[in-house]
Protein chains: 2
Amino acid sequence: MQRSTRQRDAIRAALQSARRPLSAREILADTQAEVASIGIATVYRTLKLLVDAGEVEAVPLPGGIPHYELAKLGHHHHFQCTRCERVFDVPECGSNLKELLPRGFTMERHELVLYGRCAACAG
Amino acid sequence: MQRSTRQRDAIRAALQSARRPLSAREILADTQAEVASIGIATVYRTLKLLVDAGEVEAVPLPGGIPHYELAKLGHHHHFQCTRCERVFDVPECGSNLKELLPRGFTMERHELVLYGRCAACAG
DNA sequence: ACGATATTGATAAATCATTATCAACATTTT
DNA sequence: AAAATGTTGATAATGATTTATCAATATCGT
């Protein structure tokens, strides 16, 4: 049976309050304020648990490590700051991507990642 | 001074005839027809050379390894087949992505990758 | 509170793409 | 052709993320 632990609560809370996708290391850093002894293994284990439960989704990034965010945010895309490397959510792009496909190809999903400077790093 | 070798010619030829981005391993496999003894180190070394020379561009993929294609193909996007993993080019999407940015963010570039079945795998 | 057992944390190990090493070899220059 | 040196290929090493191990600990049902 699955148990409720301070570590798991802290990881869920970190994902909820960040309002942006976090890497495993970011989650570790954020949760250490709540559970000082937490280790990286627990972060990875819990992320796997939450992803398998459908509570969290992995965000794959071109040339980067996966980030994680709460599932059920609706379809949207991501922005990664080229200076601080943080990832942010941006709204869906709306264009009809299926029109781009060569004949005979079928589309299941798409990933769009914008790169640039976030507000904090733009100055 | 830089020398012309069978290996380098084979790698250039593979990238030219593929007409789609290739991974290092795909390039190795394709060039072994021409130079049976070619090794993976030579593929990586030559790719680095060609990228530095501006002749080839690396295509970063979400959750995947970089693929390589000839530079100066103009702006476009990519499609990766979820079955055979091959990557294909698709035209630029055209929508105004800057509209998606939060206030204060600036955009430098973007990566769009479509996923699905290619014509050969769709059946 | 107790017992059963799920979970944790430190760290060793696994994974895997990429790079470094270096003797053998190929190419270019003389 | 011979010398000089750039290149190759096998493989060891690297680097970085992720997973496995296992004794110690925390949680939950009784």
Side-chain angles (χ1 to χ4, degrees), chain A residues 1-15 21-53 55-69 78 80 84-87 113, chain B residues 1-15 21-53 55-69 78 80 85-87 111 113:
Chain A
M1 185 223 75
Q2 182 150 142
R3 292 176 181 178
S4 163
T5 66
R6 294 196 305 137
Q7 289 85 347
R8 287 176 188 174
D9 291 347
I11 290 169
R12 277 200 192 84
L15 290 166
L22 300 177
S23 67
R25 298 206 100 76
E26 285 177 318
I27 293 170
L28 178 66
D30 288 2
T31 52
Q32 279 173 332
E34 183 68 25
V35 186
S37 69
I38 193 172
I40 191 68
T42 297
V43 173
Y44 279 111
R45 265 189 307 244
T46 304
L47 283 173
K48 191 177 194 345
L49 213 69
L50 297 175
V51 168
D52 288 349
E55 196 174 330
V56 166
E57 278 181 2
V59 176
L61 296 170
I65 60 180
H67 283 52
Y68 298 87
E69 67 183 349
H78 299 101
Q80 185 164 31
C84 69
E85 311 247 279
R86 288 186 300 175
V87 178
V113 181
Chain B
M1 185 222 75
Q2 183 150 142
R3 293 178 180 175
S4 163
T5 66
R6 294 197 303 139
Q7 289 85 345
R8 287 176 187 173
D9 292 346
I11 290 169
R12 277 200 192 86
L15 289 166
L22 300 177
S23 67
R25 298 208 100 78
E26 284 177 318
I27 293 169
L28 178 67
D30 288 3
T31 52
Q32 279 173 333
E34 183 68 23
V35 187
S37 69
I38 193 171
I40 190 69
T42 296
V43 173
Y44 279 112
R45 264 189 308 244
T46 304
L47 283 173
K48 192 177 195 342
L49 214 68
L50 298 175
V51 169
D52 288 350
E55 196 174 330
V56 165
E57 277 181 2
V59 177
L61 296 170
I65 60 179
H67 284 50
Y68 299 86
E69 67 183 348
H78 298 101
Q80 184 163 32
E85 312 247 280
R86 287 185 302 175
V87 177
E111 298 286 343
V113 181

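Sequence lines set the chain letters: A, B, ... in the order given, protein chains first and strands last, and positions in each chain run from 1. Remember, predicted model here, so these are calculated numbers, not experimental data.
Of the residues near DNA chain C, A/T42 and A/M1, the one whose nearest nucleotide (by heavy atom distance) lies more toward the 5' end is A/M1. When the nearest nucleotides of DNA chain C are assigned to B/S4 and B/K48 by heavy-atom distance, the more 5′-ward of the two goes with B/K48.
The side chain of A/T5 places no N or O atom within less than 4.0 Å of a non-bridging phosphate oxygen (OP1 or OP2) of D/dA26. Residue B/R8 has a polar side-chain atom (N or O) positioned under 4.0 Å from OP1 or OP2 of D/dT8. In this model, the phosphate group of D/dT27 is not approached by any side-chain N or O of A/Q2 to a distance below 4.0 Å at OP1 or OP2. Under 4.0 angstrom from either OP1 or OP2 of D/dT19 there lies no side-chain N or O belonging to A/Y44.
Checked by atom type and distance alone, the side chain of B/Q80 pairs as donor or acceptor with a backbone atom of B/E85 at under 3.5 Å. Here the side chain of A/T42 pairs no donor or acceptor atom with the backbone of A/I38 at under 3.5 angstrom.
Rounded to an integer number of Å, the gap from B/Q32 CD to D/dG9 P is 10 Å. Between A/L49 atom CG and D/dT18 atom P the separation is 17 Å, expressed in whole Å. Going from atom CZ of A/R3 over to atom P of C/dA6 covers 6 Å, rounded to whole Å. Taking atom CD1 of A/I65 as the reference point, atom P of D/dG15 lies 18 Å away to the nearest angstrom. Remark: P of C/dT27 and CG of B/D9 are 10 Å apart, rounded to the nearest angstrom. Between the CZ atom of B/R6 and the C1' atom of C/dA26 there is a distance of 10 Å, given to the nearest Å. The nearest whole Å value for the distance from the CG atom in A/L28 to the C1' atom in D/dT17 is 13 Å. C/dT7 atom C1' lies 14 Å from atom CZ of A/R12, rounded to whole Å.
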CA sep, side-chain torsions, deciding dist, call: B/R8, B/Q2, side-chain contact (heavy atoms from CB on, under 4.5 Å): CA-CA 11 Å; B/R8 287 176 187 173; B/Q2 183 150 142; 3.4 Å; yes
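If you check C/dT8, C/dG9, D/dT11 against the side chain of B/I40, the one that comes closest is D/dT11.
When heavy atoms are screened at a 4.0 angstrom cut-off, A/R45 is found touching base atoms of the nucleic acid.
One distance of note links OG of A/S4 with CZ of A/R12; it measures 7.5 Å at 0.5 Å rounding.
Judged purely by distance below 3.5 Å, without hydrogens or angles, the side chains of A/H78 and A/E69 pair a donor atom with an acceptor atom.
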